[in-house]
K.L.:
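My questions all concern the structure below.
Starting from 1, each residue takes its place in the sequence as its number.
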Amino acid sequence: MSEYERSRTMPDLPEHVFDQASVITWFSSWLPDEVHVRPGKPPAVDVHEDRTGLDAPALLHADRERMRLEWGALEGGSGYTGWLQVAGYDTGASEVTVHLSFSGRGHDPGEEAVLGALDRSLARLEEQVRLRVEDAG
């Protein structure tokens with residue numbers, strides 16, 4: 001099993017950051033360009049990954065009380081799970097941590113690809129949060 005994790009500080013309250021991260025129709029604004037998520041019958045979503053060209057059903061659970069998103073493939077063959085956790089600082093900023101697990105080498109795109117995608121996704125999420133803060137101010 002391969003495990004990957006990245007964190008980034010965001011310039012807003014955890015509730016606002018979680019709101020930005022957890023709305024399925026906003027996922028495309030911060031997820032990697034090669035991953036596309038479409039709403040299904042809750043808690044299911046459909047995930048398309050350009051790298052494989054496949055569509056796969058997945059589960060997505062948003063827990064606003066814990067400020068946590070959890071997801072995973074519905075079919076055992078897809079081999080991934082993950083979570084996103086938002087934590088607040090006393091300064092009004094937040095930290096977002098994203099964690100991915102791959103159950104088999106055939107499903108793992110490799111450390112460089114995964115960590116790069118996590119870093120880009122967190123940077124894109126931070127930009128979306130920053131734009132929201134600037135628009136509100």
Side-chain angles (χ1 to χ4, degrees):
M1 177 175 281
S2 301
E3 306 271 337
Y4 303 101
E5 189 170 292
R6 284 291 204 237
S7 296
R8 190 173 187 107
T9 301
M10 305 280 165
D12 205 354
L13 297 170
E15 296 82 6
H16 298 163
V17 174
F18 185 78
D19 288 345
Q20 185 72 41
S22 64
V23 177
I24 294 172
T25 55
W26 293 349
F27 279 12
S28 63
S29 71
W30 67 271
L31 283 178
D33 288 332
E34 60 273 7
V35 177
H36 312 280
V37 178
R38 292 181 304 278
K41 184 177 178 183
V45 294
D46 295 313
V47 179
H48 177 82
E49 184 182 354
D50 291 346
R51 181 179 67 90
T52 63
L54 299 175
D55 291 321
L59 292 176
L60 174 67
H61 175 71
D63 184 340
R64 188 164 184 10
E65 186 174 309
R66 292 177 48 217
M67 300 289 161
R68 186 175 177 96
L69 290 175
E70 295 178 348
W71 60 86
L74 274 175
E75 299 171 0
S78 296
Y80 73 89
T81 60
W83 51 263
L84 176 145
Q85 181 74 52
V86 182
Y89 293 130
D90 290 339
T91 62
S94 304
E95 181 178 65
V96 177
T97 301
V98 180
H99 182 96
L100 292 176
S101 301
F102 295 92
S103 62
R105 290 195 186 279
H107 304 292
D108 182 352
E111 181 176 17
E112 185 176 331
V114 174
L115 293 179
L118 290 176
D119 287 337
R120 286 187 304 277
S121 293
L122 286 170
R124 290 174 66 171
L125 179 57
E126 179 185 11
E127 179 62 20
Q128 292 302 310
V129 168
R130 188 176 309 284
L131 289 171
R132 184 172 157 174
V133 168
E134 289 172 2
D135 286 346

K.L.:
Under 4.5 Å between side-chain heavy atoms, counting indirect links through other Ile/Leu/Val/Met/Phe/Trp/Tyr residues: same cluster for L13 and L125 or not?
P.N.:
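L13 and L125: separate clusters.
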K.L.:
Could you check whether H48 and D46, counting side-chain N and O atoms only, form a donor-acceptor pair closer than 3.5 Å?
P.N.:
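No, because no side-chain N or O of D46 sits under 3.5 Å from a partner of the opposite role on H48.
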K.L.:
For side chain to side chain contact (heavy atoms under 4.5 Å, CB included), just list the numbers for V47 and W71, CA-CA rounded to whole Å, side-chain angles, deciding distance to a tenth of an Å, and then say yes or no.
P.N.:
CA-CA 11 Å; V47 179; W71 60 86; over 6 Å; no
K.L.:
Salt-bridge test for E126 and R130: reply yes if a basic N is under 4.0 Å from a carboxylate O, no otherwise.
P.N.:
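Yes, charged N to carboxylate O under 4.0 Å.
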K.L.:
How long is the span from the CE atom in M1 to the CD atom in E3, to the nearest 0.5 Å?
P.N.:
5.5 Å
K.L.:
Please check if the side chain of S94 supplies one atom and the backbone of D12 the other of a donor-acceptor pair under 3.5 Å.
P.N.:
yes
K.L.:
May I ask you to decide whether R120 forms a salt bridge with D33, counting only side-chain N to carboxylate O separations under 4.0 Å?
P.N.:
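So R120 does not pair with D33 through a salt bridge.
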K.L.:
Working note: T97 + E5, criterion side chain to side chain contact (heavy atoms under 4.5 Å, CB included); need CA distance, chi angles, decisive distance, verdict.
P.N.:
CA-CA 7 Å; T97 301; E5 189 170 292; 3.5 Å; yes
K.L.:
Can you check whether L31's main-chain N or O pairs, donor with acceptor, with R124's side chain at less than 3.5 Å?
P.N.:
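Yes; at least one donor-acceptor contact below 3.5 Å.
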K.L.:
For a quick check under 3.5 Å, do D55 and H36 share a side-chain donor-acceptor pair by atom type?
P.N.:
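Their side chains do not contain a donor-acceptor pair, so the 3.5 Å distance test is not met.
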K.L.:
So, does Q85 use its side chain to make a donor-acceptor pair with the main chain of M67 at under 3.5 Å?
P.N.:
yes
K.L.:
Let me confirm one number: the CG-CD distance from L60 to E70, rounded to the nearest 0.5 Å.
P.N.:
9.5 Å
K.L.:
What heavy-atom pair brings A87 and P14 nearest, and what distance separates the two atoms?
P.N.:
C-CB, 4.3 Å
K.L.:
Under 3.5 Å, which donor-acceptor pairs do the side chains of residues 17-27 form with other protein atoms, sequence neighbours left out?
P.N.:
{"residue": "D19", "atom": "OD1", "partner": "R64", "partner atom": "NH2", "Å": "3.3"}
{"residue": "D19", "atom": "OD2", "partner": "R64", "partner atom": "NH2", "Å": "3.4"}
{"residue": "S22", "atom": "OG", "partner": "F18", "partner atom": "O", "Å": "2.8"}

K.L.:
Could you measure the distance from the OG atom of S103 to the CG atom of D108? Nearest 0.5 Å is fine.
P.N.:
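It comes to 9.5 Å.
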K.L.:
Report yes if the side chains of Y89 and T9 come closer than 4.5 Å at any heavy-atom pair, otherwise no.
P.N.:
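SC-SC contact between Y89 and T9 confirmed.
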K.L.:
Rounded to the nearest 0.5 Å, what's the gap from OH on Y4 to CG on L115? Could you check?
P.N.:
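If I round to the nearest 0.5 Å, the distance is 7.0 Å.
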K.L.:
Are W83 and L122 grouped together when hydrophobic residues (ILVMFWY) are joined by side-chain heavy atoms under 4.5 angstrom apart?
P.N.:
no
K.L.:
For the residue pair V98 and R8, establish whether any side-chain heavy-atom pair is separated by less than 4.5 Å.
P.N.:
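V98 vs R8: side chains apart.
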K.L.:
Do S7 and E95 make a side-chain contact, defined as non-hydrogen atoms from C-beta onward lying under 4.5 Å apart?
P.N.:
yes
K.L.:
Once rounded to the nearest 0.5 Å, what's the spacing between atom CG of L69 and atom CG of D63?
P.N.:
9.5 Å
